[in-house]
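What follows is a set of notes on a single structure, which appears directly below.
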Amino acid sequence: MDKRKTYSNGAGGASKRFRGEDEDTPMSTFEEELALLESEESELIASEDSLQPAPESQEVDARWSRPALPPLDPAADDITFQQMETDYYLGYPLPGMPGAQTGLIPIMRMFGVTSEGHSVCCHVHGFAPYLFVPVPEFFKPEWCATFQRVLNTAMMRETKSVTEVPQAVLDVELVKRQSMYGYQGAGPVPFLRITVAQPRLVAAAKRMLERGEVVVEQLGGWQYRAYESNVDFEIRFMIDTNVVGCNWITLPAGSWRRRAVDPSGGPQPVSLSQLEVDVAWNKFISHPPEGEWQKVAPIRILSFDIECSNRKGIFPEPEKDAVIQIANMVINQGDKDPFIRNIFTLKSCAPVVGSDVRSYEDEGVLLRDWADFIRQVDPDIITGYNINNFDLPYLINRAKALKVATFPFLGRIRGRRTEVKTTVLQSKQMGKRESNTINTEGRTQFDLIMFLRREYKLRSYSLNAVSFHFLQEQKEDVHHNMISTLQEGDAHTRRRLAVYCLKDAYLPLKLIDKLMCVINYMEMARVTGVPMSFLLTRGQQIKVVSQLLRKARQQGLVMPVYENKGGDTGESFEGATVIEPRKGYYDVPIATLDFSSLYPSIMMAHNLCYTSLLEPKDIDKYGLKPDQYIKTPSGNLFVKPSLRPGLLPEILRELLAARKKAKGDLKKETDPLRKQVLDGRQLALKISANSVYGFTGATVGKLPCLEISQSVTAFGRMMIEKTKEEVEKRYNIANGYKHDAKVIYGDTDSVMVRFGVSTVKDAMELGNEAAAFVSGKFVNPIKLEFEKVYFPYLLINKKRYAGLYFTRPEIHDKMDCKGIETVRRDNCPLLGNLINVCLQKLLIERDPDGAVDHAKQVISDLLCNRIDISQLVISKELTKTDADYSAKQAHVQLANKMKKRDPGNAPKLGDRVPYDPIYVLENSVPIDCQYYLENQLSKPLLRIFEPILGENKAESILLSE
DNA sequence: TAATGGTAGGGGAGGAAAGTAAGCGCGTAT
DNA sequence: TAGTGATACGCGCTTACATTCCTCCCCTAC
């Protein structure tokens, strides 16, 4: 890309750049600046006559660039970098590299950063896609050539559309493998490993083989079945080369060639990375993320936010409405503050202390320069708030409308146009959600709203609400119909807008730091082996698949391709037990015993896995004796580890052992950044272990196995039942204890026990003892642990309770509420707060009268219209498209109504629909207090007061007025 | 097209279904 | 003695209304 030297533009008149008056005095921080702005209408605004034309800004450009690359000698220097993104492209073979030498072939590409902060693009050559098919025992090695010829001929005929493939089937090799699905008896059996020229040919080969279109004489009518033909090519590469997401790679001296613009005729650089190299796929070293290789490179994270002009009441449309500001913040991962803070503004803007203001008269030039800025700064991660669904598509479409030819090249590959494609991702966990795919090769997009939607359940996902929730920082929203007014004012009003825009670019960085988003996802990528970008764009299954395939490969096992039956098969299995609660208010300590990692430990204890699953008919086939296999409570058969230790149990053991180690290291570690990394790691390991069970039960998935999942839950049901029995059988007066213990409730892996004792300390002692006692009744590594004591404890219903939570006898840790209105997002905040306060008064202060008074007060406030309207907003999520709803839903109707009023701002699929927004105020719709009292407040209030006060007294609260 | 972790369960909303009381017409006894 | 009208009452039917049940939907627990 051409070096841009100045921000003055030729087309639309000279652009101006403003500076603060006193360059030499230390500048206030951004926060102070914002605080100042909020407190008064700032003194910092320069008066018109102090405005100066922009000086040439060479020194600023230098600050944007990465540190200069030292000279490198391919013969003597290693290159080591943290790989951040791995993808592939189709290109022509490089002479001297392994693999196919003609045609268009896939070439892998790893983008990364060295520990000095240099960006690297590494082309990896010679790795080709493949699949397996089992063949009969009598298959002779010399038949491979025939097989290859026949298959190749058939594929060449069929796949004419695939251009520049001189040979579709590159290789056929006879190997020994074993299917991972079902116990297969003794040894490995013959498979063909079929290597093809391009990733898309894998599916074609599978189709032809399974359809019986490939006839090899010696095999007759052999029915082919494909294995591992559905593995993503990037994942395939990473598995086979032991690369995991975000790990460190070393290219040893002598193995790599640098691409440089020189006349020698070698391959030319195609990327914007500082260092671009070629290497053979089997020549680089991939470091497992352990020890020193847990470190993190100084990754550049760019956060940006845009503001658009808009016409009254109409959501901005890129074809018509201008981009008026773009704020940018760039930080090195691990640093405290951004080292670049700037804002591109349309028309003049008074200076903002601490930030670089760049003003333009011509919007097209602004966009052109912003794209140049991106390429100059060369960020590894691009973040922001809702950039995937708004900012990025808007900029791209706006640039298209203004015909800014150089704009849509935001990735690291020269000449690769950045485009927007909409996709729908649907999962049971997330519901249906639309998102855009925007290619920025080599730069990972990390839209914070997507992260938050996945990782946190919140009432509202507006940046404002999120900032308040996590940072206790409110950003004063500029209402969207104010934007144009501010823009059409003068340099000072535009400055106001700029300050908000800058803050919106800054908040995502603060949130990333506070929530450790990048670190945690990096660790998740390392643990599960997938690229970091998959964590936001793909589902849960790919992570398990990646781990499973890696483990399977070590043992010569291959994964079959499971064909999803079309439509809903309705297949399901029985889940966990929820013990019928003995509802009521307990003014005695209740001890809680939990199985730690219940499902993983069941799978480990009983060797439940694909590889150990035994078909009843196979008992005779393999001549198994009854002591060689087990029958699970759901009636499924699994062989014991002595015959074949399962893959899943092994994966789980490693995950849990690694977690234990990470937690141990975490305790010893003193460096705050490394502490964060370790904490992220242990969390990733825990989540990974827990998702293995879900994977086996995912009927629309890569490899469901209900025998495993239903056995797991059946064992779980048995165990919780047995725990209840054992505790009650032992802890009673007949056995010399002072009281009869009673299990009052339990869910899946926990039991709540009333031992009858009156102090927390006594309950803890008995809890510990009972946990150890019951653990002894189960197979290793199943362990029941004493976790906490609730005192007092209000048990309202299944999955609904509240209590004071004690982990030590002296003082409670917190008030714990489960399932009740305080933790639900579909009530108005008024109710949540009211219940919360009442519970605090009841449980902590032990002041029922105070609680009643408070409730009465709130009800009377409500009836007298003294409640802030924001407290009455109810929100619900739009989980499916309008047509998919079969029943009438209030929030769906509301969403449709909002769409008619203002199509741009209306809630979309996956958004939460807030009822009664500002609309109510503006249109002075009367608030139906009676509705709120009757439909929102009364029942929940009765539910918490009744067990404590009795029915009559509880009801009287509502009649107070 | 490709891709999509699980089940249990509370509770609200709304509609269908079954229940019930009121209203009415009709027949009949007085 | 037979016929007539007024009245009360039982019965079945219709209608309006309250209740229950069921399903959908959201969201949570684990």
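Nothing here was measured: the structure is a model prediction, and the numbers come from that model.
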Could you check how far CD of A/Q889 sits from C1' of C/dC27, rounded to whole Å? 13 Å
Give one of base, sugar-phosphate or nothing for A/N827, where a contact means two heavy atoms less than 4.0 Å apart. nothing
Nearest to the side chain of A/A887, which nucleotide is it out of B/dG9, C/dC24, C/dC26? C/dC24
Could you state the CG-C1' distance from A/D826 to C/dC27, rounded to the nearest angstrom? 6 Å
Nucleotide nearest A/V700 (side chain, heavy atoms from C-beta), chosen from B/dT7, B/dT4, C/dC30: B/dT4
For C/dA29, does OP1 or OP2 lie under 4.0 Å from any side-chain N or O of A/R800? no
May I ask you to say what A/R717 touches in the nucleic acid, namely base, sugar-phosphate or nothing, with a heavy-atom cut-off under 4.0 Å? nothing
Length of the CD-P vector between A/E580 and C/dA29, whole Å: 18 Å
Reckon A/G697 touches a base, only the sugar-phosphate, or nothing at all at heavy-atom distances under 4.0 Å? sugar-phosphate
When you get a sec, tell me which of C/dA29, B/dG11, C/dC27 is the closest nucleotide to the side chain of A/I796? B/dG11
Of the candidate nucleotides B/dG5, C/dC30, B/dA8, which contains the atom at the shortest distance from the side chain of A/A698? B/dG5
Does NZ or CZ of A/R754 come closer than 6.0 Å to the centre of the six-membered ring of A/Y586, within 45° of the ring's axis? no
Kindly point out which of C/dC30, B/dT4, B/dG10 is positioned nearest to the side chain of A/K798? B/dG10
Between B/dG11, B/dT4, C/dT28, spot the one nearest the side chain of A/V823, thanks. C/dT28
Whole-Å distance, A/Y932 OH to B/dA13 P, equals 12 Å
Side chain of A/Q540 - closest among C/dC30, B/dG5, B/dG12: B/dG5
Range-with-range stems of DNA chain B (Watson-Crick or G-U pairs under 3.5 Å, three or more in a row): B:6-17 with C:19-30, B:19-30 with C:6-17
The ring-ring contact (aromatic ring centres under 6.0 Å, His included) partners of A/F233 (sequence neighbours excluded) come to A/Y88, A/F127
Any donor-acceptor pair under 3.5 Å between the side chain of A/N564 and the base of B/dT4? yes
Base, sugar-phosphate alone, or nothing: which one does A/K880 contact when heavy atoms must sit under 4.0 Å apart? sugar-phosphate
The side chain of A/D232 lies closest to which of these nucleotides: B/dA3, B/dT7, B/dG9? B/dA3
Ring-face cation of A/K814 near A/Y805 (centre distance under 6.0 Å, axis angle within 45°): yes
Residue A/K686 excluded, over 12 heavy atoms near NZ under 6.0 Å: no
Does A/N797 put a side-chain nitrogen or oxygen below 4.0 Å from OP1 or OP2 of B/dG11? yes
If you look at every strand shown and take non-hydrogen atoms under 4.0 Å, does A/Y599 touch a base, only sugar-phosphate, or nothing? nothing
Applying a 4.0 Å non-hydrogen cut-off, can you work out what A/F595 is touching in the nucleic acid: base, sugar-phosphate, or nothing? nothing
Taking 4.0 Å as the cut-off, does a side-chain nitrogen or oxygen of A/S572 come that near to OP1 or OP2 on B/dT7? yes
Value in whole Å for how far the P atom of B/dG10 lies from CZ of A/R825: 20 Å
What is the distance from NZ of A/K702 to C1' of B/dG6, rounded to the nearest Å? 18 Å
How long is the line joining CD1 of A/I687 and P of B/dG6, in whole Å? 17 Å
Would you classify C/dT1 as syn or anti? Syn applies when the glycosidic angle is within 90° of 0. anti
Take A/Y461 and A/Y456 through the test ring pair (Phe, Tyr, Trp, His ring centres under 6.0 Å) and record every step on the way to the result. CA-CA 10 Å; A/Y461 290 96; A/Y456 295 91; 9.2 Å; no
Heavy-atom neighbours of A/K551 NZ exceed 12 at 6.0 Å: yes
Any base atoms under 4.0 Å from A/R824, or only sugar-phosphate, or nothing? Heavy atoms, all strands. base
Distance to the ring centre below 6.0 angstrom and angle to the axis at most 45 degrees; does that hold for A/R225 and A/Y227? yes
How about A/Y790 and A/F806: are their ring centres within less than 6.0 Å of each other? no
Spacing of the C1' atoms in B/dA17 and C/dA16 (rounded, Å): 15 Å
So which one's nearest nucleotide on DNA chain B is more toward 5', A/G575 or A/Q936? A/G575
Is there a side-chain polar atom (N or O) of A/Y885 under 4.0 Å from OP1 or OP2 of C/dC26? yes
Distance test, side-chain N/O of A/K799 to OP1/OP2 of B/dG9, below 4.0 Å: no
Ring-face cation contact, A/Y885 with A/K880, 6.0 Å cut, 45° max: yes
A/T879, nearest nucleotide to its side chain (from C/dC30, C/dC26, B/dT7): C/dC26
How many whole angstroms separate atom NZ of A/K206 from atom P of B/dA2? 11 Å
Is it the case that the ring center of A/H606 lies less than 6.0 angstrom away from the ring center of A/F638? no
OP1 or OP2 of B/dG11 less than 4.0 angstrom from a side-chain nitrogen or oxygen of A/R943, does that happen here? yes
With a non-hydrogen cut-off below 4.0 angstrom, is A/K939 in contact with a base, only sugar-phosphate, or nothing? sugar-phosphate
